Structures are given as structure tokens and as C-alpha cells.
Novice: 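Once you've had a glance at the structure underneath, I'll fire off some questions.
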Amino acid sequence: MADPMDAIRATFFEECAELLESLETGLLALQTGPRTAETIDAVFRSVHSIKGGAAAFAFSDLAAFAHEFETALDAYRIGQRGDLPHGVPILLRACDGLRDLVAASQTGAKATAPDPTGLRALCGSNEVVPTDPRGDPDPLPSVPNGFPKVWTISFEPRPELLSSGNEPSFLFRSLAILGRIEVRADAANLPPLENVDPTLAYLRWTLRLWPSAPDLTETEIEAAFEFVHDLCDLRIAPGTEALAPGRASQIPDMGPRNAVPDIPSLVPTTIRVDLARVDRLVDLVGELVIAQSMLAQDMTPGGSGGNPTGTDRMNDLQQLTRDLQESVMAIRAQPVRSLFQRMERIVRETAAQTGKTVRLVTEGVATEIDKTVIERLADPLTHMIRNAIDHGLEDPQRRTAAGKDPTGTVTLRALQRSDRILIEVSDDGAGLDRPRICDRAIARGLLPPGAAPDPAEIDQLIFSPGFSTASGVSAVSGRGVGMDVVNRAIRDLSGSIAIESAEGAGCRITTSLPLTLAILDGMVVRSGRERMVLPLSTILEAQTADLAAIERLGTGGWAVRLHDRYVPLLDLGRSMGFAVPHERWEAGEDSAVLFIRVEGGDPFALRVDAIEAQRQVVVKGLDDNLGRVPCVSAATILGDGQIALIVDTPAIAAAAGLDLQLAGAA
Amino acid sequence: MTAEEHEWNAAPPGDATPPSGPARTELLTFRCGGQCYALDIASVREIRGWSRPTPLPHTPKFMLGMVNLRGTVLPVTDLALRLGHPAMPDDARNVIIVVQQARRLHGLLVEAVTDIVRPAPDQLQDMPQVGAARDGVAPDRMFLSETGILQILALERVLPALHAPDAEAIP
């Protein structure tokens with residue numbers, strides 16, 4: 001039996017993930033943009049919610065640190081030392097620490113709580129205040145430009161206020177648009193419950209308003225009470241109430257805050273749905289598409305006797321199913337914002353490790369990709385960004401010497417181009433050190449000695465497996481740690497990587513990915529008894545076998561002419577490991593030769609017994625139920641309900657490359 | 001849906017034996033490779049009729065391939081072959097027991113499903129050591145019924161290893 005607490009706990013951690021995200025968003029906004037009260041409040045709320053949950057689940061380390069964090073933020077919130085220039089970086093580091101603690105609580109791992117010293121220095125404790133070098137002698141919150149930082153509003157409704165249909169909380173809400181407010185109700189006049197006349201107003205309120213615009217005037221505040229002007233006693237004064245720094249953090253935040261409902265936001269309403277349910281929906285729609293196409297096949301003119309109405313309805317249905325499929329896929333799409341935000345931390349950490357100063361610029365954060373793709377992009381992106389900082393960017397002295405800004409820039413950019421998403425990681429560093437890469441490749445036997453490959457070929461070398469496994473490489477070569485891993489991860493996502501480098505000006509790695517992993521444009525082919533699907537994006541060209549120029553080379557392999565060169569020819573069924581007779585290259589009048597593009601390599605050709613159709617297929621991953629199968633990237637269900645394998649063409653090429661090498665050696 | 005597809009999750013109505021004691025497990029019994037086996041019914045999702053699997057290359061021989069389970073790709077193992085018996089003959093009356101372990105679904109091809117039994121704990125006994133166990137998939141417990149020996153399979157050992165197809169691949 002599953003512990004029911006597990007489910008509740010899981011929800012808490014889900015919420016934590018969201019809260020941490022909004023926390024980081026808020027802190028980054030504070031770092032770059034203006035310090036608005038809403039942002040600080042949102043940040044505060046995130047930490048506060050995490051603290052509350054942590055305490056409820058008895059994650060004491062997490063709760064304790066969240067409390068320190070909250071105290072520091074509170075000092076910030078009160079506005080008392082919000083102008084500390086180093087404040088936000090400390091808070092960002094605390095955010096990283098909080099994230100680690102959440103992860104540790106989730107996995108049950110033991111984590112050392114982050115050092116709260118920085119946070120304590122931020123909050124207005126009495127030991128720190130006097131030593132503040134810029135110690136502001138004036139504790140009054142009024143200052144620059146003569147505008148008060150806090151307004152105190154005393155609001156006393158007359159009895160007619162409620163009976164005329166006014167509602168104080170709406171007034172407070174409109175006040176809250178002007179800035180952060182704190183509301184205190186004075187219930188002294190409230191009679192015992194049995195004597196209450198619901199049409200009369202018994203409560204009085206004292207509100208404090210921290211305006212988000214510093215130049216807010218009394219008239220503007222008064223405007224919020226425009227409709228009840230004659231129905232209440234209103235006093236508005238620049239706030240001078242006890243806001244001594246030492247007491248600031250003890251102001252209770254829960255009680256008064258609850259008096260005002262959350263300001264309705266302009267963010268669209270969302271619901272949280274278990275991904276498994278969406279997956280089920282995707283499956284069902286996939287089934288529907290299949291059933292629809294089967295029906296369409298049955299209704300071909302021969303079958304239905306040319307029923308024009310039926311054909312029209314069929315076309316409508318086809319359009320509807322296609323729209324439905326697209327909508328369902330869109331449910332899984334998410335903006336890359338959260339992914340890019342996670343990279344902020346990678347940048348901070350790597351910058352700290354390497355002693356470089358780095359700025360991360362993100363563009364196109366609203367670009368949407370399938371959720372599974374986003375999740376699986378995190379690792380490759382982390383690799384690429386670490387590489388960009390560690391190996392791409394020069395240290396500040398070298399940058400200054402080269403006439404560059406000592407702060408390096410790493411740009412992360414997402415954009416959609418037709419049915420692909422492009423993710424670019426670029427830096428303004430030194431670019432790839434091609435001579436060194438060449439030397440290294442020759443030393444490792446990846447290039448023959450004395451080879452003079454062109455720059456593009458050299459750049460491709462950093463994706464070679466040999467480059468990442470050698471220990472000393474990161475110190476020697478310009479770049480390359482883990483790039484083969486990145487390449488493989490991207491390939492698993494049916495994506496491809498391109499690299500551009502300019503000496504002294506930087507390097508850009510562009511990853512091109514399909515919008516979704518759930519649907520693929522494929523070519524359905526037959527080899528022997530089996531039907532398989534080849535991703536259309538990997539096919540360069542198709543030729544009928546009897547017209548293709550097929551040649552046997554020696555006693556071993558076969559080759560076929562593609563324009564002005566010969567490329568290796570393999571049989572699809574055999575390459576996939578199905579038992580297929582070997583010597584039958586020309587057999588079958590439908591048989592065809594498909595030329596396959598290989599990322600960063602020469603194309604090759606596959607012979608099939610027939611090309612059956614070209615269509616979109618719903619991709620069914622095998623990992624959950626089966627694990628990885630060589631040469632198979634996934635499966636799909638065809639119109640007749642049978643399963644067909646989706647061929648992993650790069651894997652076939654790799655396997656064939658191995659075979660060719662073996663044949664050559666023998 | 002064929003007549004062989006039943007909901008096995010719910011106890012049959014009118015069942016005379018009320019659950020006595022917490023330790024009673026319910027077992028689904030079936031024939032496979034000429035012998036009788038049993039599986040914890042909690043891991044059984046459904047029973048399906050036979051349909052031709054799409055073969056999977058580069059996998060062990062006992063992996064028959066994959067069938068379409070209402071939109072899910074279901075790998076199917078020839079359980080007889082997996083347990084060291086001769087391969088199952090092609091027979092439309094064979095059935096596929098769909099089992100679930102954590103998030104993983106898998107089909108086991110068997111000859112026929114026979115019964116649901118609730119053995120008392122003292123009816124279960126360890127398997128006698130008869131020769132070397134094959135790949136560690138052999139059952140280690142058994143149950144004596146009126147009809148004979150039922151060998152209880154440990155699902156996690158019967159299912160082929162995930163993520164390591166290479167290790168078991170037959171070239």
C-alpha cells in the first residue's frame with residue numbers, strides 16, 4: 001500500500017519546483033530591472049510557502065534555512081536596505097541553496113544547510129546596523145525627492161457604506177494596484193454576533209501602502225476611494241509609524257496580508273495535470289487518427305462506390321482529427337523559459353569556478369517545445385554552457401588585452417523555424433582553437449598525420465568520442481569535453497547540431513530539434529515481411545532500384561552512385577538484424593534505394609523491398625517497457641493496427657561503419 | 001474482445017472464501033511449456049488473445065516482439081522459451097498475460113490461463129534444488145494443489161532486463 005502522505009508530499013515538491021522557479025525569476029528581475037513591490041512580494045511569497053510546507057512535513061533543515069531566507073527578504077521587503085548593491089547575488093546564492101535543500105529533502109539525502117551568514121548580514125539585525133558603512137542615520141522611511149516611502153491610510157466607513165453596495169475589500173484591492181499594502185482591521189466596535197446588523201459597517205481599517213511608483217501623491221491614493229468619498233472618514237498621511245529597523249522583521253505578515261484577497265492577475269488561468277493523463281490523451285488521439293485513416297482507406301472510390309457526401313464528411317473528419325491532434329500536442333508544449341532559467345545557475349557556478357565574469361543573455365524564452373524535449377535538453381545545454389564558459393571565454397585579463405569587455409557574454413537563444421526549434425548557445429570568447437584540435441586528433445589517430453582538413457571538418461572533430469574520454473583534453477584542446485555526449489543526447493531527440501566558430505570572436509552551437517517527439521514525418525517502407533518507418537528528415541533522396549547505379553565492390557560490399565560519387569549500399573532488413581537473404585539487390589520491381597543523410601559524415605544508401613507510404617506517425621517510445629534496442633529509435637502503430645519499428649538511421653550507419661572496418665581488416 | 005479477455009482484478013462474484021488473514025496472496029495460474037505456473041495477481045493487468053507480434057531485432061530469442069495494446073506498444077516474451085522450455089508453437093489459442101511492474105508493461109505468452117487460487121501460507125514451499133537454475137529466472141517457490149505442482153514466478157526476474165539489451169542479445 002502506498003503511503004497516502006507520499007502523494008501529499010509529492011504535491012509539495014511539485015509546488016516547490018514551481019515556487020523555486022518563480023523565486024528565481026523574481027530575483028533575476030530584481031537584479032536587472034526596477035525593484036517593484038510586487039516582485040519582492042512574489043519572491044517573499046515563494047520562500048514563505050516553501051517554509052510553511054517544509055515545516056508541515058518536518059523537513060527541519062529546509063524550514064530553518066527558508067526562515068533565514070525569509071528574514072533577509074523581509075528586511076528587503078520593508079525597503080530598509082533594498083539598495084544594498086550586493087544583495088541580489090546573495091539572495092540568488094541562497095536560492096541555489098534552497099533548491100539543493102529541497103532536492104535533498106525530496107530524495108531523503110543528507111545535505112549540509114547552506115551558510116546563512118550572507119543572509120544574516122542582509123537582514124536588519126541590530127549587530128549589523130551600526131556597522132553598516134553607509135549607515136543611514138535617518139530611520140524615517142521618507143526620503144528622496146521629498147515623496148514619502150510609506151503612506152498611512154485610516155479608513156472608517158460610515159454605516160451607509162455597506163448598504164449602498166460598497167465593499168471595502170474591493171477598495172483595498174484597487175489600492176493594492178498602487179503598491180504593496182498592509183491592512184489592519186480594528187474590530188473594537190464589533191458587537192456580539194447576535195446583535196450584528198449585516199447592513200452596518202462596524203470595522204475600521206488602518207492601511208499602510210508602500211507605493212511601487214515613488215512619486216505617488218495623496219490625490220492618487222484618494223482616487224481609489226472616489227466612490228465612497230462621502231460614505232467614510234478618510235485620513236491619508238505620509239507614514240511615520242514605527243518602522244524602526246530592529247523591529248521591521250517582526251511585523252507579522254500573515255494576519256494582515258490575509259485580509260486582502262490576492263490581486264487578480266492577468267496571467268491566464270492554468271490547471272495542473274498529471275503528465276500521464278496527457279500522454280493517455282495523446283495515445284487516444286493517435287488511435288483516432290489511425291482509425292480515421294483506416295476508415296478513409298475503406299471509403300476509397302472503389303470501396304464506397306463513389307459516394308460524394310460520404311467523401312466530404314470524411315474530409316471534414318480528417319480535418320477535425322488533425323486539428324484535435326495538434327491541440328493535444330500543444331498541451332504538452334511549454335515555453336523554454338524555465339529551462340533557460342535553470343541555466344542561470346549553471347552560469348553562476350561555472351563563472352565562480354573558473355574565476356571569470358560572465359553575463360547570460362537569453363532570447364526567445366517564450367518559444368514552446370514539447371515538455372519531454374525540454375526535460376531532456378537540460379543536460380546537453382548544461383554541458384554546452386559549461387564548455388562555453390570554461391573553454392570558450394577568455395579570462396578577464398586576456399579579454400581586456402584583446403580589447404573586449406572583461407565580462408564575457410553567453411547567449412542562449414530559442415527560435416522556431418517551420419517545424420523545428422533552434423536552440424543556440426553562443427559566446428563571445430576566443431572561438432575554437434583549430435590547430436590544437438587538429439594536433440590532438442592526429443595524436444589520437446582520428447586524423448591521418450599531415451592531414452589538412454577544412455575548418456568545418458575540424459570543428460566536427462570535437463564531437464568525436466575520443467575527444468571527451470581522454471583526461472587531459474580539456475586543458476589542451478580549445479573545447480570538447482563531453483561534446484560527444486551532447487551530440488548523442490541531441491540525436492536521441494531526433495535533433496542535430498551545427499557549430500560555427502570565428503577565431504577571436506566566439507563560437508556558436510546551434511541545435512535543431514523537432515517540435516515534438518510524439519509525431520514524426522516518416523516514410524513507411526517494407527523489407528521482407530517487416531514494415532518499418534524511416535524519419536523523413538534523414539532521407540536525402542530516393543531512387544528505384546532498377547534505375548540506380550548499383551555496383552559490387554570486390555567480394556564484400558555494395559555501392560551505389562549518388563550524383564558524382566559512390567556511397568555504401570546496405571540492405572535495410574539485414575542492417576536491422578532481420579534474417580534476409582543476402583544476394584537480392586535487384587529483386588522485386590518495387591524495390592528502391594534510399595539515400596540517408598548522416599550528420600557530420602558521408603551519406604549512405606539503404607535498399608528496401610518497397611516504399612509504401614509517406615505519412616505522419618505517432619511515435620511510441622520503447623524505453624519504459626523495453627529499454628533501448630539497437631538500431632530502433634521507437635515504434636509506431638500503422639493504419640492496420642500493426643506495430644512498425646522506427647529506424648535509428650545514425651545507429652545503422654554506425655553499425656555499418658563498424659562492419660566495413662572489420663571487413664577491411666580481415 | 002475475445003471470450004478469453006476477462007477482468008481479473010476484481011474477485012469473482014459469489015466467491016465463498018472470504019479473505020482470511022492478511023498474508024493470503026492471490027495467484028493467477030496458467031499453463032506454459034507443459035507445466036503449471038502462477039503469478040501474483042496484483043501484477044496482472046489483463047489477459048489478451050493472441051496477435052502476431054512485430055519482431056524486434058537485436059533482442060534475445062525469447063523476445064517475440066511487440067503487439068499493439070490499445071495504442072501502447074507492448075513487448076511480448078515467449079515465457080516458455082524464457083523458462084527454458086521449447087518455444088511456444090504458433091497457436092491462435094495462446095494468450096498473452098499483460099503484467100505491470102512499476103511503470104513497465106510487458107506481455108507474457110502462455111498456453112492458457114487456468115485459475116485463480118488463494119494458497120494459505122503453509123501451502124507454499126521452497127523449490128527443491130534440482131540442477132542449476134537457468135539465468136536466475138527459475139521459480140524459487142511452489143505451491144501444492146490437488147492438480148499438482150504450481151511454480152510461483154517472481155515477476156521481476158522473469159521480465160527481461162531493461163536498458164541492457166546488449167548483454168542478452170543473441171548475435
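None of these values were measured; they are calculated from a predicted model. Proteins get letters first, then strands, A, B, ... in listed order; numbering begins at 1 in each.
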Novice: Report which part of A:Ile637 has an atom under 4.5 Å of a heavy atom belonging to chain B: side chain, backbone, both, or neither.
Specialist: side chain
Novice: How long is the straight-line distance from OG1 of B:Thr72 back to CZ of A:Arg280, given to the nearest 0.5 Å?
Specialist: 6.0 Å
Novice: Could you report the tightest heavy-atom contact between B:His58 and A:Ser575, atom names first, then the distance?
Specialist: NE2-O, 3.8 Å
Novice: Mind listing the closest non-hydrogen atom pair of B:Arg52 and A:Gln642 along with its distance?
Specialist: O-NE2, 3.5 Å
Novice: Given 3.5 Å as the limit, does a donor-acceptor pair link the side chain of B:Thr54 with the main chain of A:Ile643, or not?
Specialist: yes
Novice: Side chain, backbone, both or neither: which part of A:Leu284 has a non-hydrogen atom closer than 4.5 Å to chain B?
Specialist: neither
Novice: Decide yes or no on side chain to side chain contact (heavy atoms under 4.5 Å, CB included) for B:Arg104 and A:Leu626, but give the supporting numbers first.
Specialist: CA-CA 8 Å; B:Arg104 178 186 188 191; A:Leu626 205 62; 5.8 Å; no
Novice: Taking all atoms of both residues into account, what is the closest heavy-atom pair of B:Val73 and A:Leu622, and its distance?
Specialist: CG1-CD2, 3.7 Å
Novice: What are the two closest non-hydrogen atoms of B:Pro57 and A:Phe578, and how far apart are they?
Specialist: CD-CZ, 3.8 Å
Novice: Could you walk me through whether B:Arg103 and A:Asn625 pass the side chain to side chain contact (heavy atoms under 4.5 Å, CB included) check?
Specialist: CA-CA 8 Å; B:Arg103 286 193 57 201; A:Asn625 292 337; over 6 Å; no
Novice: Measuring from A:Lys620:NZ to B:Leu74:CG, what's the distance to the nearest 0.5 Å?
Specialist: 12.5 Å
Novice: What part of A:Arg531 gets closer than 4.5 Å to chain B, counting heavy atoms only: side chain, backbone, both or neither?
Specialist: neither
Novice: Within a radius of less than 6.0 Å around CG of B:Leu144, do more than 12 heavy atoms belonging to other residues, nucleotides or ligands occur?
Specialist: yes
